[in-house]
Amino acid sequence: PIHLLNALIPTLPKKVDEIPSFLKEELETHKVILFTKTSCPYFVYAQNLLKDGKVEFKDHHLDKMELGWKIQDALSVQTKQFTVPYVFIN
């Protein structure tokens, strides 16, 4: 399938100090990755564009992750963006 399921990814961070290595690995492993929240309408739009273009992508729903809010904090510092979705294309 085009969309990779969250269950197929490496171990999610369980401690705050694991977040930088988790982000680094995810960004290096996937050509297109989205960090979002389930209620984000912009994620749905981005997801549909990627699917229509048959682009393989990985997504993480921050509101479903134990440390999602801390991951969002780390992404905010890294990108200077404070809202979801975070879309990375390598």
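Computed over heavy atoms, backbone and side chain alike; hydrogens, waters and symmetry mates excluded.
Lys24 and Glu28 are joined by a salt bridge, as a carboxylate oxygen and a charged side-chain nitrogen come within less than 4.0 angstrom of each other.
Judged by distance alone, the side chain of Lys54 and the main-chain N or O of Lys51 form no donor-acceptor pair under 3.5 Å.
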Validation: residues 83-90 side-chain donor-acceptor distances under 3.5 Å, sequence neighbours left out:
| residue | atom | partner | partner atom | Å |
| --- | --- | --- | --- | --- |
| Tyr86 | OH | Ser76 | OG | 2.9 |
| Tyr86 | OH | Gln81 | O | 2.9 |
| Asn90 | ND2 | Leu27 | O | 2.4 |
| Asn90 | ND2 | His30 | O | 3.0 |

When the side chains of residues 33-42 are checked against the rest of the protein, which donor-acceptor pairs come out under 3.5 Å, sequence neighbours left out?
| residue | atom | partner | partner atom | Å |
| --- | --- | --- | --- | --- |
| Lys37 | NZ | Gln72 | OE1 | 3.0 |
| Thr38 | OG1 | Asp63 | OD2 | 2.6 |

### Message
If you apply the rule side-chain contact (heavy atoms from CB on, under 4.5 Å), what do you find for Asp73 with Val77, and how did you get there?
### Response
CA-CA 6 Å; Asp73 286 348; Val77 168; 5.8 Å; no
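Contact check for Met65 versus Leu12: side-chain heavy atoms found under the 4.5 Å cut-off. Under the 4.5 Å side-chain criterion, counting only non-hydrogen atoms from C-beta, Lys31 is not in contact with Glu56. Residues Phe43 and His61 have side chains in contact (heavy-atom distance under 4.5 Å, counting atoms from C-beta outward). Here the side chains of Ile71 and Leu75 are in contact, with some heavy-atom distance below 4.5 Å.
Hydrophobic cluster membership for Tyr45: Leu49 (Ile, Leu, Val, Met, Phe, Trp, Tyr linked by side-chain heavy atoms under 4.5 Å, directly or transitively).
Here Leu62 contributes atom CG and Lys70 contributes atom NZ; the two are 13.5 Å apart, rounded to the nearest 0.5 Å.
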